[in-house]
Amino acid sequence: MASMAGQLLGFFLGLLGFAGTIVTTLLPHWRSTAYMGSNIMTATAYMKGLWMECAWHSTGIYQCELYRSLLALPPDLQAARALMVLSCISSVLASLVAVMGMKCTHFAQRSVVKSPLVLIGGVGFLCAGLLCLVTVSWTTNDVIMDFYDPFLLSGMKYEIGLAVYLGYASSFLSVTGGLVLCWSSRERSQGRLRAQTHQPSAPPPPFNNLNPPAPLYRPPEALKDNHAPSLCSLSSSGYRLNNYV
């Protein structure tokens, strides 16, 4: 029962992390404009994401524009796109494999593949969380380095957006769910091993009296002394070989 509860907890944590990763990937709030100075009135705020760039006006108008060219994007943005897409794909595969390996499902009941499937699902959630964590950490480092760059204009400086913080939370949920799934699969494997160790061995088969084993072969006593006489025995009986040459 504890193993099933651990599997359900890890699976739902992984699903929450997967949902947060999708929202993080789609939101444009990865970078937002920095409000620098106390006497600057900003009428427009700009946000940049992985797929689009948006502008919010003080009049309430919200405009977004998708990036039209993939090759024109900077290399760090292309890498962030690829890592987040891989994270989402890993979460989908991990969810499918973990569902098949959980004890509450009817797939492969009483089979030895249940525990390895849960372990593979946990590893998938771990990989998805680490990919998301690497992406948001990389973006955080770029934003901070650009913010404190003295040679960069103030109007081109951005702050960390809400999507980055959501990415940190999603990666934490995915990693935690993967660890819980791996722990539950390990506990189940140890329980099965202990059950096999303490299982009593089968008694030896009873002796079959109907077909007793054959006796060992022994030569007959009559053939014990039945051998040809040697030359020594001939000479001792009174016959010499020289008398016949």
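Values reported hereafter were calculated over all heavy atoms of this structure, with side chains retained and with hydrogens, waters and symmetry mates removed.
- Considering CG of L179 and OG of S184, their distance stands at 11.0 Å, rounded to 0.5 Å.
- No chain of hydrophobic side-chain contacts below 4.5 Å, direct or via other Ile, Leu, Val, Met, Phe, Trp or Tyr residues, connects L27 to M52.
- In this structure, W30 contributes its side chain and T24 its backbone to a donor-acceptor pair below 3.5 Å.
- In this structure, F172 places its CZ atom where only 12 or fewer heavy-atom neighbours from other residues, nucleotides or ligands lie under 6.0 Å away.
- For the atom pair CG of L77 and CZ of R31, the computed distance is 7.5 Å after rounding to the nearest 0.5 Å.
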Inset, instruction - Could you go through the side-chain contact (heavy atoms from CB on, under 4.5 Å) check for C88 and T25 one step at a time? - result: CA-CA 9 Å; C88 294; T25 306; 3.9 Å; yes
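- Heavy-atom minimum distance, K114 versus M102: NZ-O, 2.7 Å.
- Rounded to the nearest 0.5 angstrom, Y46 OH and E53 CD are separated by 8.5 Å.
- Linking Ile, Leu, Val, Met, Phe, Trp and Tyr residues whenever their side-chain heavy atoms come within less than 4.5 Å leaves L93 and V123 in two separate clusters.
- Between C132 and G167, the shortest heavy-atom contact is SG-O, 3.5 Å.
- V136 and L73 fall within the same hydrophobic cluster, where Ile, Leu, Val, Met, Phe, Trp and Tyr residues are linked whenever their side-chain heavy atoms come under 4.5 Å apart, directly or through other members.
- With Q63 contributing its side chain and C54 its backbone, the two residues share no donor-acceptor pair below 3.5 Å.
- Tested against V97, the residues V92, L181, L117 include a single side-chain contact (heavy atoms from CB on, under 4.5 Å) partner, L117.
- The OG1 atom of T176 sits 9.5 Å away from atom CG of L9, with the distance rounded to the nearest 0.5 Å.
- Other residues, nucleotides and ligands place more than 12 heavy atoms under 6.0 Å from the OH atom of Y62.
- Taking both residues in full, the closest heavy atoms of G177 and L13 are given as CA-CB, 3.8 Å, listed atom of the first, atom of the second, then distance.
- Summarising the geometry of C182 relative to L119, their closest heavy-atom pair is SG-CD1, 3.8 Å, with the distance given to 0.1 Å.
- Here the straight-line distance linking atom CG of L26 with atom CH2 of W51 works out to 8.0 Å at 0.5 Å rounding.
- In this structure, OG on S95 lies 5.0 Å from CG on L15, to the nearest 0.5 angstrom.
- Under the 3.5 Å distance criterion, the side-chain polar atoms of Y67 are matched with a main-chain donor or acceptor of G49.
- In this structure, K48 contributes its side chain and T33 its backbone to no donor-acceptor pair below 3.5 Å.
- The two residues V175 and L126 have their closest heavy-atom pair at O-CD2, 3.5 Å.
- When hydrophobic clusters are built by joining Ile, Leu, Val, Met, Phe, Trp and Tyr residues whose side-chain heavy atoms come closer than 4.5 Å, directly or via intermediates, L133 is grouped together with I160.
- Closest non-hydrogen pair, G129 versus S171, comes out as O-CB, 3.3 Å.
- The backbone N or O of C127 lies less than 3.5 Å from no partner atom in the side chain of S90, so there is not a single donor-acceptor pair.
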Inset, instruction - Begin with the C-alpha distance, continue with both residues' side-chain angles, and end with the deciding distance and a verdict on side-chain contact (heavy atoms from CB on, under 4.5 Å) for R81 and L70. - result: CA-CA 10 Å; R81 275 186 175 186; L70 177 63; 3.2 Å; yes
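- Both V99 and F12 belong to a single network of hydrophobic side chains, linked directly or stepwise wherever heavy atoms of I, L, V, M, F, W or Y lie under 4.5 Å apart.
- Looking only at side-chain heavy atoms (C-beta outward), M84 and L131 stay at 4.5 Å or farther from each other.
- Partners of D149 under the salt bridge (charged side-chain N to carboxylate O under 4.0 Å, His left out) rule, at least two apart in sequence or in another chain, do not exist in this structure.
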